[in-house]
S.K.: 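Just passing along the structure, written as structure tokens.
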Amino acid sequence: MAGFIIAIDGPSGAGKGTIARAVAARLGYRHIDTGAMYRALAWKALREALDLADEEAMAALAARLDFEIGDGVVRVDGHDAGWAIRTPEIDKAAATVARQPKVRAALIARQRRLGASGGVVMEGRDIGTAVFPDAPVKIYLDASPEERARRRATDSAHAVGRGPLAIREIATALEERDRSDRTRTASPLLQASDAIAIDTTALPIDDVVRQVLDLVEKRTSPGRRNG
Ligand code: DC
């Protein structure tokens with residue numbers, strides 16, 4: 001058997017990337033970061049000087065964009081965009097295109113194709129609710145707003161600075177994006193009713209990985225399924 005789909009959702013800075021990567025490595029699964037797709041789309045749109053508010057144009061670009069996302073590599077139309085997609089400008093632009101229903105439909109279709117053969121840990125905001133509502137394992141990660149801002153500030157992929165001022169600025173920007181993600185009408189950030197929530201605020205990474213692996217074991221072992 002090729003493996004299952006493990007859906008990991010939650011807000012920015014909850015630990016999704018770190019946990020999804022570690023769980024995928026332990027299981028020999030592929031790790032798919034769907035946030036990188038919204039970022040890649042926004043990056044390409046800005047590069048082509050397209051209007052981010054033009055939903056038709058954004059959806060068309062989402063459907064044809066040639067991207068390769070996985071194992072720490074983000075390549076968009078042949079360009080290495082790994083660093084370029086993690087700037088404050090792209091944070092905002094990605095949240096803008098992620099609100100557009102036609103963009104979401106195009107990217108969700110691509111995410112379903114990528115996960116169709118199983119054996120993936122897919123992280124995002126709507127994996128357990130909209131992309132793979134039948135995934136056997138759904139995790140919703142969260143952490144306190146302060147801790148999420150602190151993590152973002154010290155994350156080298158989001159190189160912005162670590163002082164108290166930088167953290168306050170990041171906290172404000174995170175709050176804005178959270179609001180955008182939670183209040184949009186097209187697949188908002190939401191905990192699936194059958195997802196297991198883990199608050200990672202005070203938990204070491206290894207503990208969270210262990211909890212997720214235990215859950216995978218429980219939910220996917222033949223004869224041990226209990227719903
Ligand atoms: O996880 P991230 O910060 O890289 O995500 C970038 C943006 O894309 C963020 O505004 C949330 C949005 N997103 C989404 O709407 N749905 C997903 N499945 C993944 C990300």
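Fair warning: this is a prediction, and the values are worked out from it, not measured in the lab. Counting convention: from 1, in listed order, for ligands and their atoms alike.
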S.K.: Under 4.0 Å from any heavy atom of Thr34, which atoms of ligand 1 are there?
M.R.: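 This gives 17 (C), 18 (N), 19 (C) as the contact atoms.
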
S.K.: Heavy-atom pairs closer than 4.0 Å: do any link ligand 1 to the side chain of Gln111, the backbone, both, or neither?
M.R.: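 It is neither; nothing of Gln111 touches ligand 1.
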
S.K.: Just wondering, are more than 12 heavy atoms of other shown residues or ligands nearer than 6.0 Å to CZ in Arg26?
M.R.: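 12 or below, so no.
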
S.K.: Within the structure provided, determine whether Thr34 and Val131 are in side-chain contact (heavy-atom separation under 4.5 Å).
M.R.: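 Thr34 vs Val131: side chains apart.
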
S.K.: Please confirm whether Asp181 comes within less than 3.5 Å of ligand 1 when only nitrogen or oxygen atoms on both sides are compared.
M.R.: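 Yes, since at least one N or O of Asp181 sits under 3.5 Å from an N or O of ligand 1.
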
S.K.: Using heavy atoms and a threshold below 4.0 Å, how should the contact between Arg184 and ligand 1 be classified: side chain, backbone, both, or neither?
M.R.: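 It is the side chain that gets close, since no backbone atom is under 4.0 Å.
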
S.K.: Quick check with a 6.0 Å cut-off and a 45 degree axis cone: is Arg110 positioned over the face of Phe67's six-membered ring?
M.R.: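 Output yes; distance and angle both within limits.
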
S.K.: Going by an N to O cut-off under 4.0 Å, is there a salt bridge joining Arg39 and Asp91?
M.R.: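 The answer is yes: the pair qualifies as a salt bridge.
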
S.K.: Looking at Arg179 and Glu175, does any basic side-chain N land under 4.0 Å from a carboxylate oxygen?
M.R.: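 Looking at Arg179 and Glu175, the cut-off is not met.
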
S.K.: Check each atom of ligand 1 against the heavy atoms of Arg39 and keep those under 4.0 Å away; list them by number with element.
M.R.: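 Here the atoms of ligand 1 in question are 2 (P), 3 (O), 4 (O), 6 (C).
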
S.K.: In ligand 1, which numbered atoms sit nearer than 4.0 Å to a non-hydrogen atom of Ala98?
M.R.: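 Taking each heavy atom of Ala98 in turn, ligand 1 has 12 (C), 15 (O) under 4.0 Å.
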
S.K.: Using a 4.0 Å cutoff against the non-hydrogen atoms of Arg177, which atoms of ligand 1 qualify?
M.R.: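 Here the atoms of ligand 1 in question are 3 (O), 9 (C), 10 (O).
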
S.K.: Show the atoms of ligand 1 that are less than 4.0 angstrom away from any heavy atom in Asp126.
M.R.: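 Answer for ligand 1: 16 (N), 17 (C), 18 (N).
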
S.K.: Considering only heavy atoms, does Glu123 approach ligand 1 within less than 4.0 Å through its side chain, its backbone, both, or neither?
M.R.: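 Within the 4.0 Å criterion, Glu123 makes no contact with ligand 1.
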
S.K.: Tell me, do Ser144 and Arg150 make a side-chain contact under 4.5 Å, heavy atoms counted?
M.R.: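 No, every pair of side-chain atoms sits at 4.5 Å or beyond.
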
S.K.: Answer yes when Asp214 and Arg210 have at least one side-chain N-carboxylate O distance shorter than 4.0 Å, and no when they do not.
M.R.: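 Arg210 and Asp214: salt-bridged.
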
S.K.: From atom 15 (O) of ligand 1, work out which of Arg125, Arg104, Arg86 has a heavy atom at the shortest distance.
M.R.: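 Looking at heavy atoms only, the winner is Arg104.
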
S.K.: Before signing off on this row, confirm whether Tyr38 and ligand 1 have an N or O atom pair separated by under 3.5 Å.
M.R.: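 Tyr38 vs ligand 1: no N/O contact under 3.5 Å.
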
S.K.: Contact between Phe4 and Leu27 at the side-chain level, heavy atoms closer than 4.5 Å - yes or no?
M.R.: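 Side-chain contact under 4.5 Å: no.
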
S.K.: May I ask you to list the atoms of ligand 1 that are less than 4.0 angstrom from any heavy atom of Ala95?
M.R.: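 What qualifies from ligand 1 is 10 (O).
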
